[in-house]
Amino acid sequence: MAPEEVHEQHDGFATQAIHVGQAPDPQTGAVSVPIYQTSTYAQPVEGGAGPYVYARSSNPTRAALEAALAALDGGAHALAFASGLGAASTVLLALATGDHVVCSDDVYGGIYRLLTKVFVRQGLQVDFVDVGDPDQVAAAIRPETKLVWLESPTNPLLKLADIAAISRLARARGVRTLVDNTFASPFFQRPLALGADLVLYSTTKYLGGHSDAVGGALVTSDPELYAQLKFLQNAVGAVPGPFDSWLILRGVKTLAHRMRAHEANAQAIARFLLEHPAVAEVFYPGLEQHPQHALSRRQMRGFGGIVSFRLRGGAAAARALVGRTRLFTFAVSLGGVESLIEIPATMTHASTADTPLAVPPDLVRLSVGIEDQDDLLADLQQALDGA
Ligand SMILES: *Cc1c(COP(=O)(O)O)cnc(C)c1O
């Protein structure tokens with residue numbers, strides 16, 4: 001797939017990101033959706049309540065964000081949350097004691113912690129399997145299984161799950177499939193079209209895109225699942241405030257353009273790293289060398305902005321490297337316009353230490369930003385040469 005082919009399939013995406021749910025304000029003509037900073041709404045004494053009663057239940061700024069997010073995933077409904085983990089907790093609260101979840105063994109550290117340290121205590125059963133092999137998912141499904149939890153590409157090793165194959169085999173057994181699509185964003189991957197039931201985002205990352213707000217979202221086209229999750233959104237209360245909803249919505253407007261820029265820079269950096277003598281191994285689905293490159297071309301419309309790599313010099317070389325970059329900021333998180341560098345083993349994935357999910361100590365993860373490509377390459381060059 002040439003980059004032009006990849007992006008041709010996106011007719012309408014950038015337009016929807018700017019317009020769905022975001023018509024000018026009928027009262028004032030404001031073209032930016034107003035921040036409805038209110039907790040409650042005046043109600044007519046006669047004739048029943050309007051659509052807005054209390055802001056945990058609904059808020060017009062949040063509703064605008066939810067409409068836009070649903071459209072970008074080609075879904076019927078979206079729900080916004082205070083964080084990605086708030087969205088994840090709400091999904092898991094739809095399950096009951098004794099229910100079973102089959103989860104990717106290369107999942108975001110916070111999801112692993114949520115499952116094993118919080119929900120297992122509530123009687124949820126979880127098995128972690130290599131979702132790179134659909135047969136392992138099929139083998140792990142049992143009568144109590146209610147949900148298959150996928151992340152693709154995964155964090156931080158950029159492994160892929162065959163979303164269509166797994167959704168199909170799960171559905172045949174009456175099991176729903178959730179895809180954490182935070183890394184790809186809806187611009188590069190649409191899990192609902194591939195057969196998944198539910199899409200989860202940390203909107204803190206690419207959807208917000210400016211490292212200035214924390215948020216989460218769920219998208220689905222299943223009316224029954226939507227009704228259940230909407231009930232829980234209000235009953236549990238992990239909702240975003242109006243200002244954070246507005247910040248995420250503002251970020252969403254430029255998602256298409258940012259994702260193209262993230263990807264172009266990430267492709268160039270992945271190729272540069274492959275050639276560098278200090279680098280032992282590079283993980284990026286856009287490389288022909290990636291073991292699932294063919295699958296990534298099939299189910300993604302682009303390869304994203306995250307690149308991970310291992311260093312020949314081990315953990316000490318990784319620590320030296322992160323101390324030498326000037327443009328890549330040493331920090332957790334990802335998906336913002338600025339480039340970040342981190343060591344998953346001691347930072348984002350510290351909670352998986354001494355577990356089967358532990359990541360190599362010499363692994364470095366880049367969240368490649370949208371700065372000028374030459375500047376990013378020069379920064380990595382000087383840092384690697386000196387480390
Ligand atoms: C950050 C992240 C989360 C958690 O989201 P928060 O907004 O930090 O709660 C979940 N999944 C993935 C893949 C993430 O990167």
Side-chain angles (χ1 to χ4, degrees), residues 3 6-7 10 13-18 22 32-33 35 65 68-69 72 80 83-84 108 153 155-156 158 180-189 201-217 240 243-273 284-286 300-309 322 325-342 344 347-348 364-383:
V6 171
H7 298 130
H10 288 86
F13 188 100
T15 306
Q16 290 190 316
I18 292 167
Q22 302 166 71
S32 167
V33 171
I35 302 167
L65 171 64
L69 292 176
L72 295 188
S83 66
Y108 174 73
N155 176 18
L158 288 309
D180 182 338
N181 202 33
T182 299
F183 268 41
S185 90
F187 186 67
F188 285 138
Q189 180 167 271
Y201 290 103
S202 168
T203 57
T204 312
K205 314 295 169 55
Y206 287 110
L207 288 158
H210 294 74
S211 308
D212 54 11
V214 171
F243 185 54
D244 283 353
S245 298
W246 184 86
L247 282 171
I248 304 291
L249 183 60
R250 186 169 71 158
V252 160
K253 291 174 199 277
T254 54
L255 183 65
H257 304 284
R258 285 186 288 108
M259 292 316 292
R260 286 190 184 106
H262 283 296
E263 186 190 33
N265 284 348
Q267 283 275 13
I269 285 171
R271 281 169 214 290
F272 161 79
L273 291 170
Y284 184 65
M300 302 178 73
R301 296 176 288 195
F303 311 108
I306 308 295
V307 179
S308 295
F309 57 102
V322 299
T325 53
R326 296 180 194 130
L327 286 176
F328 282 83
T329 301
F330 182 53
V332 300
S333 199
L334 58 105
V337 291
E338 59 287 289
S339 292
L340 303 179
I341 188 168
E342 68 123 357
M347 298 168 73
T348 47
V364 175
R365 187 188 76 188
L366 302 178
S367 173
V368 179
I370 64 169
E371 300 94 334
D372 289 312
Q373 197 172 102
D374 290 348
D375 291 336
L376 295 181
L377 288 168
D379 189 33
L380 288 174
Q381 177 92 56
Q382 65 79 23

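Because only heavy atoms are used, hydrogens play no part in the values below, and waters and symmetry mates are left out as well, while side chains stay in. Note that the numbering runs from 1 along the sequence shown for the chain.
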Please report the closest heavy-atom contact between [X] and [Y], naming both atoms and the distance.
X      : Y      : answer
Ile306 : Tyr284 : O-CD1, 3.2 Å
Ile248 : Ala213 : CD1-CB, 4.0 Å
Ala261 : Ile370 : CB-CG2, 3.6 Å
Val337 : His262 : CA-CE1, 4.3 Å
Gly335 : Ser367 : N-OG, 2.9 Å

Are the side chain of [X] and the backbone of [Y] linked by a donor-acceptor contact shorter than 3.5 Å?
X      : Y      : result
Ser202 : Gly84  : no
Asn155 : Phe183 : no
His257 : Leu255 : no
Glu263 : Phe303 : yes
Arg258 : Gly251 : yes

* Asked: Less than 4.5 Å apart, any side-chain heavy atom of Glu342 and any of Leu334?
  ->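 The answer is no, as the side chains (C-beta and beyond) never meet within the 4.5 Å cut-off.
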
* To do: Give a yes or no on whether the ring-centroid distance for Phe13 and Phe187 is below 6.0 angstrom.
  =>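 Close enough - the centres of the two rings lie under 6.0 Å apart.
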
* **Distance-only donor-acceptor check, side chains Glu338 and Thr329, under 3.5 Å** => no

* **Polar contact flag, side-chain donor to acceptor under 3.5 angstrom, Asn181-Tyr201** =>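 Side chains of Asn181 and Tyr201: pair found under 3.5 Å.
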
* Apply the side chain to side chain contact (heavy atoms under 4.5 Å, CB included) test between Val252 and each candidate in Leu72, Ile18, Leu247; give the one that qualifies. =>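 Running side chain to side chain contact (heavy atoms under 4.5 Å, CB included) over Leu72, Ile18, Leu247 with Val252 returns exactly one hit, Leu72.
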
